[in-house]
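Down below is the structure, laid out as structure tokens.
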Protein chains: 2
Amino acid sequence: MSKWVYAFGNGAADGGAEMRALLGGKGANLAEMCKLGLPVPPGFTVTTEVCTHFANHGQGYPDGLEAELAQALGQIEEIMGTRFGDPERPLLVSVRSGGRASMPGMMDTVLNLGLNDETVEGLARASGDARFAADSYRRFIQMYADVVLGVDYGHFEDRLQWHKEDKGYALDTELDADDWRSVVAAYEGVVREHLGHDFPQDPVEQLWGAIGAVFGSWMNPRAITYRKLHGIPEDWGTAVNIQVMVFGNMDDTSATGVCFTRNPATGENQMYGEFLVNAQGEDVVAGIRTPQPLTRAEREASGTKLPSMEDVMPNAFAELADVHVTLENHYRDMQDVEFTVERSRLWVLQTRGGKRTTNAALKIAVDMVAEGLIDEREAVRRIDPAQLDQLLHPMLDPEAERDVLGHGLPASPGAASGSAVFSAEDAEACVARGERVILVRAETSPEDIGGMHVAEGIVTVRGGMTSHAAVVARGMGKPCVVGAGELDVDSSSKTLTAGDRVVREGDRITIDGAAGEVMLGAVRTIRPEVTGDFEKLMGWVDDIRTLGVRANAETPEDALTALEFGAEGIGLSRTEHMFFEPERIVHMREMILADTEVERRGALDKLLPYQRQDFAALFEIMDGLPVTIRLLDPPLHEFLPHTAEEMAEVAAALGITADQVRLRALRLRETNPMLGHRGCRLGITYPEIYEIQARAIFEAAAEVAAKGKNVVPEVMIPLVSVTSEYAILARLVDTVAAEVMKKSATEIPYLVGTMIELPRACLLAGEIAKSAQFFSFGTNDLTQTAFGLSRDDSGSFLASYHEKGIFPNDPFVSIDTEGVGELVRVGVERGRAVRPDLKIGICGEHGGDPASVRFFQDAGLDYVSCSPFRVPIARIAAAQAALGEAVEIDA
Amino acid sequence: MSKWVYAFGNGAADGGAEMRALLGGKGANLAEMCKLGLPVPPGFTVTTEVCTHFANHGQGYPDGLEAELAQALGQIEEIMGTRFGDPERPLLVSVRSGGRASMPGMMDTVLNLGLNDETVEGLARASGDARFAADSYRRFIQMYADVVLGVDYGHFEDRLQWHKEDKGYALDTELDADDWRSVVAAYEGVVREHLGHDFPQDPVEQLWGAIGAVFGSWMNPRAITYRKLHGIPEDWGTAVNIQVMVFGNMDDTSATGVCFTRNPATGENQMYGEFLVNAQGEDVVAGIRTPQPLTRAEREASGTKLPSMEDVMPNAFAELADVHVTLENHYRDMQDVEFTVERSRLWVLQTRGGKRTTNAALKIAVDMVAEGLIDEREAVRRIDPAQLDQLLHPMLDPEAERDVLGHGLPASPGAASGSAVFSAEDAEACVARGERVILVRAETSPEDIGGMHVAEGIVTVRGGMTSHAAVVARGMGKPCVVGAGELDVDSSSKTLTAGDRVVREGDRITIDGAAGEVMLGAVRTIRPEVTGDFEKLMGWVDDIRTLGVRANAETPEDALTALEFGAEGIGLSRTEHMFFEPERIVHMREMILADTEVERRGALDKLLPYQRQDFAALFEIMDGLPVTIRLLDPPLHEFLPHTAEEMAEVAAALGITADQVRLRALRLRETNPMLGHRGCRLGITYPEIYEIQARAIFEAAAEVAAKGKNVVPEVMIPLVSVTSEYAILARLVDTVAAEVMKKSATEIPYLVGTMIELPRACLLAGEIAKSAQFFSFGTNDLTQTAFGLSRDDSGSFLASYHEKGIFPNDPFVSIDTEGVGELVRVGVERGRAVRPDLKIGICGEHGGDPASVRFFQDAGLDYVSCSPFRVPIARIAAAQAALGEAVEIDA
């Protein structure tokens with residue numbers, strides 16, 4: 001015969017932490033604490049199997065349940081020395097649902113169950129507070145009637161309102177004990193009126209009612225929908241936890257509080273918390289009374305005059321200190337503990353891993369290794385890589401006031417203030433005058449790079465997490481908010497409008513790229529300090545991880561930052577970013593608008609020395625490390641002139657009219673540039689472009705190698721979808737390489753490989769690997785094409801998708817392991833089947849996302865490449881992936 | 001020991017048709033004809049295995065080859081009664097390459113091998129034409145020196161030129177026998193000068209040289225590249241065919257000609273052809289002399305005074321007639337035969353399936369079934385579906401003169417003339433005045449539909465085979481040329497420019513949609529006649545095929561055309577096309593520009609009656625057949641107003657200013673609309689749109705069902721990439737269906753399913769099939785996303801891709817079986833694994849492409865859906881696919 005009820009209390013329990021499936025998360029945790037000998041209010045858990053039985057048997061209960069439940073109830077009456085329904089010393093309980101996974105839409109909690117017209121007087125006498133007792137009773141009626149009996153909450157609110165109007169009260173606090181008694185009578189009337197019978201006075205009947213309501217709510221439509229969307233099986237069911245109520249507001253020997261086993265702000269190994277005498281948990285939260293410090297040390301540090309718990313309740317405090325030691329030894333982590341003291345007796349209500357600042361997390365992890373509580377691997381496992389990101393960027397002072405204009409997506413962390421400017425040119429001009437600016441745009445494009453570079457931060461009203469602005473800002477380590485759809489930008493009038501508020505050019509604004517907020521005025525920022533603990537931890541990280549971490553970098557500054565943050569090479573150098581400097585862009589435009597190969601070659605020849613110089617700088621810095629250079633990728637119209645002045649300049653260079661320039665530019669316009677004439681398609685139609693780039697790479701390599709440096713170029717051909725595209729262009733690169741090496745009499749070991757960024761390339765990976773020496777997955781484009789979803793345009797509907805739970809995560813932030821992930825796995829398998837030593841990396845934005853890094857480790861990749869500023873995060877994520885366990889800081 | 005040489009001649013042969021791998025296509029065919037007892041000039045084939053040996057052994061020959069070759073040579077000397085190198089009666093041979101697959105880049109042919117300074121005189125005597133002999137010799141020297149000895153052709157051309165200048169000749173025909181002898185001497189001098197030795201005089205040495213050159217050319221770079229691109233293995237090798245030369249220009253008892261076993265224009269079962277007495281094959285082709293009719297019947301029909309072969313060479317003619325019977329009985333198809341008569345002796349040089357008009361093809365196939373030569377299945381197999389397409393559209397009179405302005409892609413077959421107009425409005429206005437127009441646009445968009453509908457044909461300068469213009473034109477069965485990149489369109493000045501020629505509004509132009517040509521002026525068109533043979537054949541077709549064929553149709557006209565052409569239902573009804581009529585578009589725009597759900601619902605309510613009426617019309621026409629209706633798919637900005645007048649109209653309807661309309665429209669603009677806010681994403685963000693469409697569908701269904709018709713609606717949700725998108729919207733449709741059915745008290749059997757048109761949907765097909773009742777593959781979008789290739793933008797580089805052999809076929813025309821095909825196969829497998837009775841179709845443009853239809857049959861689909869005008873083609877292709885054999889009309 002099954003066991004349906006699991007009791008806990010008095011240092012013992014039928015269940016334990018490992019019985020999560022049967023008892024739910026809450027029930028398992030309560031049992032575990034009891035077994036640790038912690039003073040948990042006693043109670044029992046009705047198992048999830050009863051829920052399944054209830055659902056499958058017309059809301060009936062299994063045989064034996066009633067007897068087991070009666071026995072468990074008797075056991076807690078014995079522990080507490082009170083009895084359920086006893087008019088003198090009534091035992092009161094809470095009833096809560098609790099499944100394997102937390103789930104909204106279910107009945108949550110009924111408190112104070114066991115109260116009726118008689119026991120309420122017993123509670124009044126026991127607590128010495130008749131008002132509290134009556135208020136508790138009316139809350140119980142209201143809650144029970146609503147969730148168990150199905151009488152709408154509003155009816156009760158009405159009665160309370162009428163009573164207050166009768167009496168001329170404005171606030172609930174004005175009601176005295178008699179007032180609440182009248183309200184109770186009125187509430188009982190509501191129940192009679194709606195149900196035709198009295199509010200149930202029998203506590204046991206009350207209890208069965210509440211249990212039935214919890215189980216019934218498992219099948220309510222909201223819960224069913226939630227389960228469908230989150231893939232929670234119907235047959236998991238929920239458990240019901242029945243637990244004794246304890247009161248911190250019985251008298252002055254009672255109290256309630258929360259405490260951390262270590263300081264959550266600094267990580268110091270000292271108890272830290274606050275409490276209130278003669279109060280309930282909600283009083284601490286409500287902030288009506290000022291909480292008192294827990295320890296004397298805290299009291300001194302804060303300078304408060306309020307006495308500490310250590311002073312006023314030394315026994316309970318000593319007991320709490322012991323509880324802390326037990327908990328830290330058991331959970332081997334800093335704990336956040338809720339407790340109540342009822343008439344000098346300490347009760348622990350809940351414990352969980354405590355939230356902490358990033359620096360505290362680092363210190364606690366490193367300290368616990370020193371204390372022998374955990375090992376280095378566990379310390380690494382504990383760090384939340386996303387949290388670490390904050391540590392590397394300035395943040396808003398949490399004390400500072402904020403006047404939020406609107407919200408967008410948190411595209412690149414950090415906070416910054418500056419004058420609003422509405423074009424890249426204005427940004428550059430203002431900065432040249434010594435101002436700090438925030439660049440505000442509808443969206444950015446490559447020609448805004450200069451302005452983005454000098455700005456403190458960037459705001460766009462369009463675009464998603466991998467829009468141009470987001471990608472570039474993260475690469476630069478600059479705060480950025482994108483897709484702030486509540487705001488309107490008018491670049492002609494140079495205004496940013498939020499409802500009826502208008503920000504004009506030069507007005508100060510502040511952005512928080514981690515929160516996605518745009519604020520009016522300058523909000524104070526602080527820069528988090530990186531401690532020695534960080535270095536120590538990163539050493540462990542690098543010992544553990546097996547996945548390589550490279551950086552995406554084009555400029556010498558990027559490359560230096562990458563090295564500083566521990567990158568092991570450059571995984572993606574986007575050559576197009578190199579063409580936007582003023583002295584280069586004119587030749588680039590000349591090249592694009594040329595009509596003949598001869599004209600194009602003329603322009604390209606002028607670009608060659610610049611490219612050679614760019615590559616030489618990267619090779620020098622990365623001495624001994626691989627540098628992956630992607631040949632030209634974006635559609636050519638991204639480089640085209642816009643202003644009359646620029647057009648005239650290009651026209652002069654080409655010896656044609658500005659009108660002809662305009663017309664040729666018009667011809668290059670595309671409906672869907674993302675799917676247009678770009679990537680290796682440029683190399684196929686204009687081989688001379690790739691030829692010149694290859695020449696620049698190998699000439700630079702020869703030059704730097706001559707200085708005794710170790711040069712490791714990897715030439716990458718983008719957007720391949722057909723095997724022969726790759727074969728033709730790889731041959732071109734090899735030919736140029738051979739030519740340059742012969743001429744310079746230098747042997748340069750190099751690789752030629754391809755981006756795998758289209759579904760067809762993943763499927764044909766076996767064919768492509770016959771000639772490609774490495775693959776680098778471009779998961780941005782792969783996500784766009786697998787979903788048929790433009791990252792630039794999805795801003796308008798992704799919010800709806802998140803809201804409806806269609807995308808649990810933004811697939812541009814964390815890789816979609818089912819769809820895009822299958823394509824990656826197929827690409828790896830088929831590529832390696834043909835060429836077992838195929839080097840495989842990933843250079844999309846997912847390279848810096850911890851969940852994605854874990855996937856890439858599992859998929860067997862050799863390395864990830866991400867923005868320089870995300871390299872430390874990728875390193876930690878890679879180490880955690882190598883440890884093979886999910887990151888779970890908090891349930 | 002291997003056999004290296006296969007002889008043929010005198011009614012016998014060592015090889016046969018089945019030995020294509022060993023003997024190459026040409027060698028196998030010559031052997032086959034010999035075995036049929038046809039008078040083929042004798043010869044022998046050196047096998048492909050010798051080629052492989054040659055390549056793998058430093059250009060050396062296998063043991064035994066020399067002896068076998070000498071023996072084979074002796075055998076043909078015996079048959080012919082002449083000897084190789086005999087100065088009196090010299091045997092001359094041709095040497096030709098011939099592999100399993102035809103392949104450019106290889107050495108092709110050396111003729112007249114065996115001539116030298118002595119035998120040339122023998123040839124002069126034998127032919128009685130010293131000039132012919134000398135000319136033949138100098139041609140042989142030139143050809144042999146170029147391809148075997150590596151002396152550039154140009155040097156010989158120079159000598160000939162100098163000789164002509166010395167003599168003051170303008171044309172080759174002015175040279176007499178002595179002139180040619182002098183040229184021969186000069187040519188021999190060139191060889192000496194370049195090689196340091198004489199031109200080889202030994203015929204056997206000549207022969208080995210030619211054989212080595214053929215085998216050597218197998219490994220030349222052009223041949224290697226060609227094989228790589230076309231996946232021809234290196235080890236296939238090529239064979240070499242050595243065959244006796246015969247001359248139709250020996251004297252007046254000699255002749256040469258071509259003939260068809262049946263009339264290639266009408267299909268009538270009568271010999272048909274032409275010949276020339278005392279002439280060589282090239283004289284027939286060159287058109288210098290007028291060829292004579294073959295039969296008396298032809299002579300009478302043409303009214304020529306020239307005598308027929310039947311008259312002047314009755315014996316050879318009778319022999320030829322016998323050859324025809326033999327050939328038709330053997331090949332069971334109409335043959336195109338090349339023959340030569342040398343001194344009254346008939347020689348058959350080549351036979352192959354004869355090209356024929358579509359009507360002839362139909363008649364021949366149907367007649368041959370009646371004659372018992374082939375069965376119905378073979379008759380169906382013989383029809384080229386693409387050719388049939390011509391039969392259903394008007395075509396240019398082949399006799400008419402054409403002044404071609406430029407070329408584009410042959411987007412929709414048929415030919416038409418009309419005045420050029422440059423906007424949809426102008427088209428409608430002109431047609432209202434009674435003119436016929438050709439609509440000329442840079443590209444078209446849905447708002448051009450009205451103009452496209454009234455135009456005779458459409459030309460665009462941008463876009464590919466599945467651009468908007470192409471798809472819509474094919475749907476309407478109208479001629480269309482797209483991507484005519486040589487032309488420039490300026491819609492403001494209303495001109496079409498081709499180089500220095502300018503077409504203005506109102507100028508007459510003609511387009512040929514099957515050839516992709518745009519012509520100046522009105523070129524006469526003819527309409528092919530559909531014969532009774534067509535009906536008979538289509539009956540066999542429908543008996544054979546197992547794949548269903550539906551049509552893509554929105555309007556009642558489309559639906560009626562579809563039925564007429566034999567469609568078995570509607571596979572795709574694009575509801576968006578229904579919103580462009582003037583009285584509807586204003587409400588559509590009102591809906592799109594509304595800010596709130598209430599406003600949107602207001603506008604949708606006005607659209608509901610129109611939609612209901614559209615669907616009711618389709619249901620009535622398709623009585624008993626399924627009608628698949630796709631819910632709204634395109635990005636909303638496609639419907640937006642452009643002119644100030646339209647903006648004012650919408651502004652009035654919404655009670656806002658035109659400026660506000662402009663701003664809201666601006667917000668809807670997308671960077672990559674193809675990957676933007678469209679398809680089911682509209683249904684997720686604005687459920688009320690899909691709700692109203694579902695209501696219109698089911699109300700229409702109930703209405704038509706009430707009239708006693710059998711209504712079979714299939715509601716299709718587009719662009720699904722995530723399972724829950726589908727689940728949410730299918731639930732919405734089901735809810736509306738239940739409501740309408742309850743209200744109307746009508747039970748309507750219906751299906752809800754989805755387009756599978758994104759790579760992720762193919763991969764997740766198993767999940768989607770859990771709730772979807774049918775799949776329809778949208779292979780247009782699937783091709784776009786799998787390749788990352790926009791059909792609208794690929795025009796600018798696809799030409800380069802075809803040229804370089806990267807795309808053997810346009811993947812938008814014939815499905816890419818490797819990449820896109822794998823996605824389809826995966827989708828089918830995973831879908832059927834979950835739901836074995838899942839109904840699966842395809843409704844992209846590939847549905848009307850024969851090669852793709854074959855793929856869909858193999859992939860296990862239930863039906864294809866295509867433009868109404870392509871339904872007959874799809875039916876034939878489906879039957880041929882069911883027969884499981886590739887369509888091969890001609891080698």
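Since the structure is predicted, the reported quantities are computational estimates derived from the model, not experimental observations. Heavy atoms only: backbone and side chains are in, while hydrogens, waters and symmetry mates are out.
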Considering only NZ, NE, NH1 and NH2 on the basic side and carboxylate oxygens on the acidic side, decide whether E725(B) and K804(A) come within less than 4.0 Å.
no
Highest number of heavy-atom pairs under 4.5 Å with chain A: which of P673(B), A727(B), G679(B), A761(B)?
P673(B)
Measuring from atom CG of D490(B) to atom CG of L663(A), what distance do you get when rounded to the nearest 0.5 angstrom?
7.5 Å
Rounded to the nearest 0.5 Å, how far does CG of L798(A) lie from CZ of R681(B)?
8.5 Å
So what's closer than 4.5 Å to chain A heavy atoms on D816(B): side chain, backbone, both or neither?
side chain
When the 4.5 angstrom heavy-atom criterion is applied to E818(B) and chain A, the contacting part is both
Once you round to the nearest 0.5 Å, how far does CG of L782(B) lie from OG1 of T785(A)?
11.0 Å
L682(A): which residues meet the side-chain contact (heavy atoms from CB on, under 4.5 Å) condition with it, sequence neighbours left out?
L632(A), L636(A), H677(A)
Rounded to the nearest 0.5 Å, what separation is found between the CD1 atom of I806(A) and the SG atom of C680(B)?
7.5 Å
Select, from P635(A), A786(A), A442(A), S800(A), the one with the greatest count of heavy-atom pairs under 4.5 Å involving chain B.
A786(A)
Looking at side-chain heavy atoms only, is the closest gap between F797(A) and I684(B) below 4.5 Å?
no
Heavy-atom cut-off 4.5 Å, strictly under: side chain, backbone, both or neither for L764(B) against chain A?
side chain
Which answer fits E757(B), side chain, backbone, both or neither, if we ask what part of it has an atom under 4.5 Å from a heavy atom of chain A?
neither
Which atoms of D488(A) are under 4.5 Å from chain B, going by heavy atoms: the side chain, the backbone, both sets, or neither?
side chain
Interatomic spacing from CG in L823(A) to CZ in R760(B) - rounded to 0.5 Å:
10.0 Å
Who wins among L789(B), V722(B), T685(B) for the most heavy-atom pairs under 4.5 Å with chain A?
L789(B)
Is it the backbone or the side chain of R678(B) that comes under 4.5 Å from a heavy atom of chain A, or both, or neither?
neither
Does the side chain of E443(A) reach to within under 4.5 Å of the side chain of T671(B), using non-hydrogen atoms?
yes
The interface call for S794(B) against chain A, heavy-atom contacts under 4.5 Å, is neither
Does N672(B) use its side chain to pair, donor to acceptor, with the backbone of M674(A) at less than 3.5 Å?
yes
Heavy-atom nearest pair, P759(A) first then P759(B), reads CG-CG, 3.6 Å
In Å and rounded to the nearest 0.5 Å, what is the CD to CG distance from E670(B) to D792(A)?
10.0 Å
Max heavy-atom pair count under 4.5 Å with chain A, selected residue of S721(B), G788(B), G676(B)
G788(B)
